[in-house]
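Whatever order the structure lists them in is the order used to number ligands and atoms, beginning at 1. Please read all numbers here as calculations on a predicted model, not as lab measurements. For this chain, numbers begin at 1 and follow the sequence in order.
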Amino acid sequence: MNTHYGIYGGQYVPETLTGALRELEKTYLAAREDLAFRAELNDLLVHYVGRESPLYYAKRLSEHLGGARIFLKREDLNHTGAHKINNTMGQALLAQRMGKKKLIAETGAGMHGVATATVAALFGMECEIFMGSVDVARQAPNVDRMHALGATVRSIDEGGATLKDAMNAALRVWASCSDTTFYLIGTAAGPYPYPMLVKDFQSVIGKETRKQCLEMCGRLPDEVVACVGGGSNAIGMFAGFEDTPEVLRVGVEAGGLGIATGQHAASINGGKVGILHGMKAYFLQDENGQMLDTYSVSAGLDYSGVGPEHCYLADQKLARYVVANDDEAIAAFDALCRYEGIIPALESSHALAYAIREAPKHDKDHIIVVNLSGRGDKDMDNIRKYREVISKRLSKCAST
Ligand SMILES: *Cc1c(COP(=O)(O)O)cnc(C)c1O
């Protein structure tokens with residue numbers, strides 16, 4: 001089995017976890033070949049999640065920009081409002097097969113916590129979500145959703161008390177209870193086999209996009225674009241185009257206030273190779289290798305690392321990784337709301353920002369597919385706060 005992507009990935013865990021990871025690998029490799037497993041997963045994706053999600057031609061936005069045609073893969077229309085449920089559904093079915101009674105998961109913004117609590121309720125499993133205390137305070141609506149769905153939320157105080165610390169705690173606790181408990185990782189990261197299986201569960205995005213684009217346009221897109229936090233929605237989209245190098249694959253990282261300010265979440269464009277959370281990958285670190293906290297207007301891109309396959313694709317130049325800053329993401333958010341009547345997640349708005357930047361450089365024969373990873377209702381509060389900060393800054397400038 002391929003446990004590495006070039007030098008990246010691997011299984012950097014204490015010995016107490018290697019048994020649990022081996023059991024997971026074995027179960028997954030068997031399930032993947034099992035028609036009954038695939039049929040059950042597919043049935044849930046159709047009838048519960050609402051797949052397939054549409055591919056939509058954003059005509060008014062494209063015509064306004066006056067260049068390439070922009071299409072949106074509508075993962076925002078899935079149950080729970082994002083792509084994350086594709087993965088939690090798959091992993092929850094694995095947990096059932098393994099006879100586990102309880103799911104644990106890490107969460108930052110809370111979206112993966114909600115998607116995990118959702119499948120736990122669906123399958124009648126116990127559920128505990130690890131969340132940094134800083135995130136518990138600033139993501140209260142998602143904490144309420146998790147509670148409503150019957151999950152407990154364990155507030156983590158160590159370190160910066162955000163996502164990276166929640167994941168450390170979840171891995172540590174899992175080592176002591178893996179006989180009864182399944183650890184459901186939320187992105188294409190962590191120790192092998194997680195990056196592989198999360199990618200496989202998210203690859204439905206890319207496979208559908210490829211088929212839908214052929215049906216609608218009679219050919220493949222020129223570019224597929226997705227935002228990159230830990231990298232699960234991007235790797236799922238990219239998976240549909242692995243054998244077609246003529247389709248440019250673009251990952252968009254969160255540039256925050258700009259790479260030069262150090263206030264960002266761009267692990268590939270602004271990080272260094274390191275080892276954390278069971279894998280070798282790019283992480284945001286200071287000159288002593290100390291892991292740094294992230295900054296982005298979008299809470300869901302706030303992971304200080306990135307999945308190992310993206311690190312490999314970046315080094316080999318098999319995919320392109322660019323940055324969109326807060327202000328570009330907000331402008332893209334506004335544009336999609338006004339031109340298409342679609343409120344995108346701030347994470348997805350980063351991918352959209354790239355498309356908006358690129359589209360005018362091409363003509364309408366050029367097709368760009370943007371993965372709209374989630375809907376933006378959850379972000380309205382953040383956006384209002386962001387605008388308040390900006391207008392205060394502007395009025396300060398005007399008065400001096
Ligand atoms: C969590 C999240 C992301 C980032 O996670 P990836 O693993 O990089 O896909 C992106 N978009 C939305 C809507 C999310 O909820």
Could you go through Glu40 and Arg97, starting from their C-alpha distance and side-chain angles, then the distance that decides it, and tell me whether this counts as salt bridge (charged side-chain N to carboxylate O under 4.0 Å, His left out)? CA-CA 12 Å; Glu40 187 179 9; Arg97 282 206 148 200; over 6 Å; no
Sub-4.5 Å side-chain heavy-atom contact between Met89 and His79: no
Heteroatom distance test (His83, ligand 1): nitrogen or oxygen, under 3.5 angstrom: yes
Does any N or O of ligand 1 fall below 3.5 Å from an N or O anywhere on Gly230, backbone included? yes
Derivation of the salt bridge (charged side-chain N to carboxylate O under 4.0 Å, His left out) call for Glu347 and Lys378: CA-CA 11 Å; Glu347 295 86 1; Lys378 66 182 179 61; 2.9 Å; yes
Taking the six-membered ring for Trp, are the ring centroids of Tyr183 and Phe130 within less than 6.0 Å of each other? no
Work out whether the distance between some heavy atom of Arg375 and some atom of ligand 1 is less than 4.0 Å. no
Which ligand 1 atoms, with their elements, are less than 4.0 angstrom from a heavy-atom of Gly229? 8 (O)
Which ligand 1 atoms does Gly231 reach within 4.0 Å, using its non-hydrogen atoms? 6 (P), 7 (O), 8 (O)
Could you identify the single nearest non-hydrogen protein atom to atom 7 (O) of ligand 1 and state the distance to 0.1 Å? Thr187 OG1, 2.5 Å
Looking at atom 4 (C) of ligand 1, what's its closest protein heavy atom, distance included? Gly300 O, 3.4 Å
Where the closest heavy atom to [atom] is concerned, which of [options] has it?
atom	options	answer
atom 12 (C) of ligand 1	Ala82, Gly374, Gly376, Ser373	Ser373
atom 2 (C) of ligand 1	His112, Lys84, Glu347, Met111	Lys84
atom 6 (P) of ligand 1	Ser232, Ser348, Gly186, Gly110	Ser232

Do His277 and Tyr194 pass the ring-ring contact (aromatic ring centres under 6.0 Å, His included) test, and can you show the C-alpha distance, the side-chain angles, and the key distance before you say yes or no? CA-CA 11 Å; His277 299 148; Tyr194 285 102; over 10 Å; no
Ignoring hydrogens and geometry beyond distance, is a side-chain donor-acceptor pair present between Asn86 and Gln202 at under 3.5 Å? yes
Rounded distance [0.5 Å steps], CE in Met380 versus CG in Leu346: 9.0 Å
